[in-house]
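Remember, it's a predicted structure, so these values are computed and weren't measured experimentally. If you read the sequence from its start, that first residue is 1, and numbering goes on from there. Values below: all heavy atoms of this structure, side chains included; hydrogens, waters and symmetry mates excluded. Every number for a ligand or one of its atoms is a count from 1 in the order of the listing.
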Amino acid sequence: MTDGVDRDASDRDGGDAAEDDPALAAVVEKPRAEDAIAALDAEGVYDDSRKVRERDAETVELPVVERPTETAVRDVVEQVAPEPRLPDLEARLRARGWSEDEVARAPGSWAVVGTVILVEFGDCQRREAVGEALLELHGEADTVLARGGISGEHREPDVTVVAGEGDTETVHVEHGTEYALDFAEVMFSPGNKRERARMGEVVADGERVLDMFAGIGYFTLPMARAGAEVTAVERNPAAFRFLVENAVLNGVQDRVDAYRADCRDVAASAERVVMGYYGVAEPRSEGHGRRSREAHEYLDAALAALEPGGVVHFHAATPEDRLWDRPVGRLREAASERGREVEVLDRRRVKSHSEGVWHVVVDARVA
Ligand code: SAM
């Protein structure tokens, strides 16, 4: 008996804790909940048979089968009357008397971003009820938003509050990077999670980077946290405000030089250039929708800033049947206009953009 818990009970690893075992929970700050759940799960102590429970305005209780030793938590407490967790959304909707047909129309996926749950409802009509059930499922969240599109050059989101407190502002923690944002003003793409982490992995300490379409700091923050010196450009006033705030929030304000400007008007010299933008969709004419002001139209400005031997990360939205000749061809063409050679280092699919179209990134060294 160390902390009142009998450690050798055989069902400790993953099975439901034996009846008389105290129901332990790790206390963490709400914005860290998703990250902490993943870490506790990786550590093998997360108990997903019980509900995450709000502890107070700042913190939540994450059920654990034993005191975590690797994951940083504020405290470990014993829960009185722990609540069993219905495994998923469908189980909750059935428990609310939904018909199988209605359950079939319910959203199959959603994203928890800080204290906000983002949902694409498709043809599901009972949004509010789904929102309530999702808030039960994710005790760390307090607002459910229906995702509409993202439009215009400033990538402004169209979201609607469907349940909860309706607070569209949140702080999202991802791989240790903190992103403050307001979903009513700026976009956040859950599907770019891996790419955001990757940008923090590819940079070297002290490396000089230009992030041409910085937004709230999606790529800038992980790169600066990894030691890079980032020139970050963002034209949208709301996104720029969060960019500056997030640099301070992550303690990297000394390594982020932020400009509220058109990236073509910022003179920079960089060893790495990030072009995280694939333009604006124009109304469909035929076949795939036409896009305008795509990243390739900014390649000249990117190559002007990129030092010989530097690396560019060129994002694009590309139909499956144009992979990889179109994005690579555009990069080669822009470089050859400047008498420069391109060595393709990597070609990656970041996420599905729309039917038959992929959000991709080409990594290339330009001599
Ligand atoms: N790469 C980000 C991610 O991973 O989620 C997405 C950034 S968002 C799609 C593109 C950002 O570029 C928007 O915040 C938009 O305001 C900004 N932007 C668009 N055109 C710009 C320009 N010419 N100069 C500077 N910023 C621009």
field: Glu102 and its side chain to side chain donor-acceptor pair (under 3.5 Å) partner, picked from Arg126, Arg96, Arg94, Gln125
entry: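 Considering Arg126, Arg96, Arg94, Gln125, a side chain to side chain donor-acceptor pair (under 3.5 Å) with Glu102 is found only for Arg126.
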task: Over 60° means perpendicular and under 30° means parallel, so classify the ring planes of Tyr179 and Phe188, tilted if in between.
output: perpendicular
- request: Let me know which protein residues bring a heavy atom to under 4.0 Å of ligand 1; chain then number is fine for ordering.
  value: Glu153, His154, Arg155, Met187, Asn192, Met212, Phe213, Gly215, Tyr218, Phe219, Glu234, Arg235, Asn236, Ala261, Asp262, Cys263, Gly276, Tyr277, Tyr298
message: Between Thr170 (side chain only) and Thr115 (backbone N and O only), is there a donor and an acceptor less than 3.5 Å apart?
response: yes
- request: Can you sort out the partners of Arg347 under side-chain hydrogen bond (donor to acceptor under 3.5 Å, both in side chains), two or more places apart, ordered by chain and number?
  value: none
message: Under the rule for salt bridge (Lys or Arg N to Asp or Glu O under 4.0 Å), what residues qualify as partners of Arg105, not counting sequence neighbours?
response: Asp101, Asp123
- request: Provide the full list of side-chain hydrogen bond (donor to acceptor under 3.5 Å, both in side chains) pairs with a residue in residues 305-316, sequence neighbours left out, each pair given once.
  value: Arg208-Glu307, Ser269-Glu307, Arg272-His313, His313-Asp363, His315-His359
